[in-house]
Amino acid sequence: MYTMMQTCKETNLTYQTLKFYCNEGLVPNVKRDKNNRRIFDEHDVAWIKSLSCLKNCGMSIKDMKKYLNLCLQGTSTIHERKQILNQKRKELLEQIKNLESSIQYIDHKQQFYDDVLSGKKPYVSNLIPSQD
């Protein structure tokens, strides 16, 4: 069994975030020790890591609750859960595409600036009118 602090360390969550997830009902069946403090088992820790992944994917608390409720219903909701994850995957791939495009722009600009600084190219700006 893990304490709140041990679970935070294990899942890389802050104490406040873990407490929030528990209070929001995102960690079902939270157990308590004799002093009424939350304790977690291996299954809880694995689920909390899943919550972190879902959050990192951009899933809202509302959507995480929906996903949790589907999980709690068992195998009958696997197709719906797969659809949710597939949609999230598509969104992430689009974000990756946009990030790669941004990286290409930055690389291009860095090369342009290097060429200007080394004298290989004259400085041309889209913001400053040329003095022709």
Side-chain angles (χ1 to χ4, degrees):
M1 297 303 268
Y2 298 88
T3 65
M4 283 280 287
M5 291 306 292
Q6 290 168 329
T7 303
C8 289
K9 185 176 180 182
E10 203 56 37
T11 60
N12 292 318
L13 291 178
T14 66
Y15 186 91
Q16 293 80 6
T17 300
L18 180 55
K19 185 176 178 183
F20 175 78
Y21 284 174
C22 291
N23 289 342
E24 286 293 313
L26 286 169
V27 184
N29 309 314
V30 174
K31 294 158 277 310
R32 299 216 175 231
D33 67 11
K34 63 182 178 179
N35 297 316
N36 203 32
R37 290 178 286 208
R38 292 178 181 99
I39 54 174
F40 306 90
D41 62 22
E42 292 291 334
H43 296 286
D44 298 323
V45 171
W47 172 248
I48 293 164
K49 287 179 180 179
S50 295
L51 287 174
S52 293
C53 182
L54 295 175
K55 185 64 176 170
N56 288 338
C57 290
M59 196 175 276
S60 69
I61 297 297
K62 179 182 174 184
D63 289 339
M64 290 165 70
K65 286 180 180 181
K66 177 182 177 183
Y67 185 80
L68 167 64
N69 288 329
L70 292 170
C71 290
L72 291 172
Q73 293 175 44
T75 58
S76 65
T77 63
I78 287 176
H79 289 294
E80 190 172 352
R81 286 182 268 162
K82 282 183 58 86
Q83 288 175 343
I84 291 169
L85 294 176
N86 190 48
Q87 179 59 40
K88 195 49 70 180
R89 185 178 192 284
K90 287 179 183 176
E91 292 170 11
L92 290 171
L93 288 171
E94 186 63 29
Q95 288 175 12
I96 289 170
K97 187 173 144 187
N98 290 337
L99 288 171
E100 288 174 343
S101 176
S102 296
I103 289 170
Q104 287 176 354
Y105 169 80
I106 288 171
D107 290 347
H108 171 77
K109 291 306 280 189
Q110 291 284 35
Q111 184 61 54
F112 172 72
Y113 293 144
D114 287 344
D115 290 347
V116 169
L117 291 173
S118 69
K120 290 181 184 175
K121 287 186 178 178
Y123 180 72
V124 177
S125 171
N126 293 320
L127 300 173
I128 302 170
S130 64
Q131 302 295 324
D132 291 340

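- Side-chain contact check for Glu91 versus Gln87: some heavy-atom pair is nearer than 4.5 Å.
- The minimum heavy-atom distance between Leu51 and Leu26, with the atom names listed, is CD1-O, 3.5 Å.
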Query raised in the report: Is there a side chain to side chain contact (heavy atoms under 4.5 Å, CB included) between Leu85 and Leu54 once you walk through the steps?
Result: CA-CA 9 Å; Leu85 294 176; Leu54 295 175; 4.1 Å; yes
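- For the pair Asp63 and Ile84, the minimum side-chain heavy-atom distance is 4.5 Å or more.
- Note that CG of Leu13 and CZ of Phe20 are 12.0 Å apart. Values are rounded to the nearest 0.5 Å.
- Atoms OG1 and CG, on Thr17 and Asn12 in that order, are 11.5 Å from each other to the nearest 0.5 Å.
- Taking CE of Met64 as the start and SG of Cys53 as the end, the distance is 10.0 Å to the nearest 0.5 Å.
- Of the charged side-chain nitrogens involved, at least one lies within less than 4.0 Å of a carboxylate oxygen, so that Asp44 and Lys31 count as a salt-bridged pair.
- When the shell of 6.0 Å around CG of Asn126 is examined, it contains 12 or fewer heavy atoms from other residues, nucleotides or ligands.
- Thr11 contributes atom OG1, which lies 9.5 Å from atom OH of Tyr21 (distance to the nearest 0.5 angstrom).
- In this structure, the side chain of Asp41 engages the main chain of His43 through a donor-acceptor pair within 3.5 Å.
- Annotation for Asn29: atom CG does not count as buried by contact number, only 12 or fewer foreign heavy atoms lying within 6.0 Å.
- Between Arg38 and Arg32 the shortest side-chain heavy-atom distance falls below 4.5 Å.
- Clustering ILVMFWY residues whenever any of their side-chain heavy atoms sit less than 4.5 angstrom apart, transitively, puts Trp47 in the very cluster that holds Met5.
- Taking CG of Asp33 as the reference point, atom CE of Met4 lies at 11.5 Å (rounded to 0.5 Å).
- The two residues Tyr2 and Thr7 have their closest heavy-atom pair at CB-OG1, 3.2 Å.
- For NZ of Lys66, the number of neighbouring non-hydrogen atoms (other residues, nucleotides, ligands) closer than 6.0 Å is 12 at most.
- Here the straight-line distance linking atom CD of Glu10 with atom CD of Glu42 works out to 7.0 Å at 0.5 Å rounding.
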Side-chain donor/acceptor pairs under 3.5 Å, residues 67-80, sequence neighbours excluded:
from: Asn69; atom 1: ND2; to: Lys65; atom 2: O; distance (Å): 3.2
from: Gln73; atom 1: NE2; to: Asn69; atom 2: O; distance (Å): 3.3
from: Thr77; atom 1: OG1; to: Leu70; atom 2: O; distance (Å): 2.5
from: Thr77; atom 1: OG1; to: Gly74; atom 2: O; distance (Å): 3.1
from: Thr77; atom 1: OG1; to: Arg81; atom 2: NE; distance (Å): 3.1
from: Thr77; atom 1: OG1; to: Arg81; atom 2: NH2; distance (Å): 3.2

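- Taking all atoms of both residues into account, the shortest heavy-atom contact from Tyr15 to Cys8 is CA-SG, 3.5 Å.
- Within the structure, side-chain hydrogen bond (donor to acceptor under 3.5 Å, both in side chains) contacts touching residues 100-111 (residues at least two apart or in different chains) are Gln111-Asp115.
- In this structure, Met1 belongs to a hydrophobic cluster whose other members, linked by side-chain heavy atoms under 4.5 Å apart, are Ile39.
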